[in-house]
> 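This is the structure I have questions about; it appears just below.
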Amino acid sequence: MRTLPDSLRLPRSPRLPVLLTVLAFLAGVGYRLGLMLFDAPPTNSDEATMGLAALHISRGQEFPVWFYGQSYMGTLEAWLAAPLFAVAGPSTFVLRLPTLAMYALFVLLIWRLTLRLTGDHWFALLVVGLLALGSDRIVKNQLIAGGGYPEMNVAGAALALLAYDLAVGRPGRRLPRWTAWGLLAGLMVWVDPLVLPYVAGTGLVLIAFGWRELRGRAGGLLTLGALVGAAPLLVDSLVAGRNPLTAVLTASGAEQPAGWLDRLYGGLVLGPALGMGFCDPGRCAGWQLWWAVALPVLLAAATLTAWHTLRHPPASPTPAGTAASGAAGPGAAAGGGAAARVGAAVTLALVGAAVATIAAYTVSSAAGRTPVESSRYLSCLLISVPVLLWPVWRATRRRRLPTGVAADHRLTRQLAAAVRVAAVLVLTAALGTAIVATAGAVGRVPAVHADEGRHTALVAALREQGVRHVYGTYWTCNRLTFASGEDVICAVVDDELRPGHDRYRPYRTAVHAAAGAAWVAPDGSPLAARLDQRLDSLDRFTVDGWHVYLPRG
């Protein structure tokens, strides 16, 4: 039997931190499953659009490549949910089962990656515990099947782990690993471009450390895997003559009006705190913005630590436990100089990808115009959590500063103590803020569950009244159509009753062709006020939270 060389073996797993990690992992999955059972986080018409795509695939009716109504953002979530719909029927809960599985796989991969880079099981427990928590924004990114967000993190973590194993020379199944890296990279090019900084960063690691292998069969298999993964995009581009890059650039809105002060605030202050799970639902209190100050320091510390290790790798394998003491750099726990250099390179790749993600978001108009909702564009930053927090964790374990920092022994000890206190405060603040934000998300569950109950009552009332075709707002239509399993078809109108944005055009055709289509409007909405002016020709009945308008005669 072939065994790993000593330089590539991880330290033996301590039982207590591993057991606690398992419990934290199960708590994270259980928390999200509990949210799903109570209809949280709240669904919307965008998620319903993905559900309708899955429903059409399960029936063999349509086989969409892109999210309905646009020529970018692949429908991987719909393809994963379609077999489940064929067995269990369409529902938001079933639609989210693949996204829940992707969250679980993401945490497992991040745990493994953390051990590869640090060898410290207690630190890996900290990372898993932090990822088990989930603010309103985080659980929306991870569970709502609205296109791209749940799968980006699991793919990014897998790409980083594969890049490390391939670059460090871990034996066994190397050609399948090269193929898998290419397949995942190609899939992400199709699914969502937001994760491309992580694709590029880990790809550079492979080129730097595996270029000799890439000149042979490994390079051919990686390319083949990438072509297969991106095949939906490539085939659609050739057949339809569309350029998906143009669609993505248009959607980014970089040229749309938004002040640079607003963009900088949304991209560098508000966005990271929201996007990484340190804020209450839909808002960030002033004290929760501390992360905006800490993040640049953590990025710099991770960069300097990794760069030092890359330039001055350890000469011999690091004994088990050394990484936990803070003496080793990234990757050192997995072996000697070669493994340490690869670990440092992966760290730099993840830091660089995080910086590129923040920069791209900051220059977009979304950061300035809709910073709260658009903070979802920073969801990939969770992939970089282990390398951001590792220098802080090391500082909590260090008893003295590096040689040469201070000549006076007493001053050295005082500085080391100050650094330890600061590091403990950062880790405590990260966990504490995430716990408060998670509690805020839990507090919203009863209201979300009640709202879903009102929507279910609306669907039942429409069926009872025999209403099959309606007009409604964008955020009403596809949600209503999906919730009814297409028993009720809805076409979009704006507040002035003009045609709106129908992502699936056959719905508008069907509603226009129907005699006596009704209108559905949320209570208190501008559309309801507009329709109330037509009560001389419309009959209105009310379901809790909704008004339904039926044409007379």
> So if I apply the salt bridge (charged side-chain N to carboxylate O under 4.0 Å, His left out) rule between R444 and each of D451, D39, D136, which one comes out positive?
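Of all the options given, the one that passes is D136.
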> Could you work out, with side chain to side chain donor-acceptor pair (under 3.5 Å) as the rule, every residue matching S135, not counting sequence neighbours?
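Not a single residue meets the side chain to side chain donor-acceptor pair (under 3.5 Å) criterion with S135.
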> Any chance you could measure T92, atom OG1, to L97, atom CG, to the nearest 0.5 Å?
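Interatomic distance, T92 OG1 to L97 CG, rounded to 0.5 Å: 11.0 Å.
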> Could you tell me which residues satisfy disulfide (SG to SG under 2.5 Å) with C380, sequence neighbours excluded, listed by chain and number?
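C380 satisfies disulfide (SG to SG under 2.5 Å) with no residue once adjacent residues are dropped.
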> Just distance, no hydrogens or angles: give the donor-acceptor pairs under 3.5 Å from side chains in residues 25-36, sequence neighbours left out.
unit_1	atom_1	unit_2	atom_2	d
Y31	OH	G134	O	2.8
R32	NE	Q142	OE1	2.7
R32	NH1	G28	O	3.0
R32	NH1	Y103	OH	3.3
R32	NH1	A132	O	2.8
R32	NH2	L131	O	3.3
R32	NH2	L133	O	2.8
R32	NH2	Q142	OE1	3.0

> Please enumerate all residues that pass side chain to side chain donor-acceptor pair (under 3.5 Å) together with D192, with sequence neighbours excluded.
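Result, side chain to side chain donor-acceptor pair (under 3.5 Å) vs D192: none returned.
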> Who are the side chain to side chain donor-acceptor pair (under 3.5 Å) partners of T99, not counting sequence neighbours?
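Checked T99 against side chain to side chain donor-acceptor pair (under 3.5 Å); zero matches.
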> Under the salt bridge (charged side-chain N to carboxylate O under 4.0 Å, His left out) rule, collect the residues that match up with D494, sequence neighbours excluded.
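By the salt bridge (charged side-chain N to carboxylate O under 4.0 Å, His left out) rule, D494 matches R498.
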> Can you tell me if CH2 on W290 sees more than 12 non-hydrogen neighbours from other groups inside 6.0 Å?
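Above 12, so yes.
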> What is the minimum heavy-atom distance between A78 and A54, and which atoms define it?
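Minimum heavy-atom separation between A78 and A54: O-CB, 3.4 Å.
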> Quick one: do the T118 and T114 side chains pair a donor with an acceptor below 3.5 Å?
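Looking only at side-chain atoms, T114 and T118 do not form any donor-acceptor pair under 3.5 Å.
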> State, yes or no, whether a side-chain contact exists between R137 and S375 at a heavy-atom distance under 4.5 Å.
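Yes - at least one pair of side-chain heavy atoms lies under 4.5 Å apart.
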> Side chains of D46 and M50: closer than 4.5 Å at any heavy-atom pair?
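D46 vs M50: side chains apart.
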> Side chains of Y474 and R503: is there a donor and an acceptor less than 3.5 Å apart?
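Indeed, the side chains of Y474 and R503 share at least one donor-acceptor pair under 3.5 Å.
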> Just checking F123 against W390, ring centres under 6.0 Å apart?
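Distance test on ring centres: under 6.0 Å, yes.
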> Please step through side-chain contact (heavy atoms from CB on, under 4.5 Å) for the pair V372 and R283, ending with a clear verdict.
CA-CA 7 Å; V372 173; R283 60 181 293 273; over 6 Å; no
> Quick one: sort the Y377 and Y361 rings into parallel, tilted or perpendicular, breaks at 30° and 60°.
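The rings of Y377 and Y361 stand perpendicular, inter-plane angle above 60°.
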> Rounded to the nearest 0.5 Å, what's the gap from CG on L480 to OG1 on T473? Could you check?
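Result: 10.0 Å between the selected atoms.
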> Below 4.5 Å, heavy atoms only, C-beta onward: do N478 and Y507 meet side chain to side chain?
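Result yes, sub-4.5 Å side-chain heavy-atom pair found.
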> Calculate, to the nearest 0.5 Å, the distance between atoms CG and CE belonging to L194 and M73 respectively.
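Output value for this atom pair is 9.5 Å.
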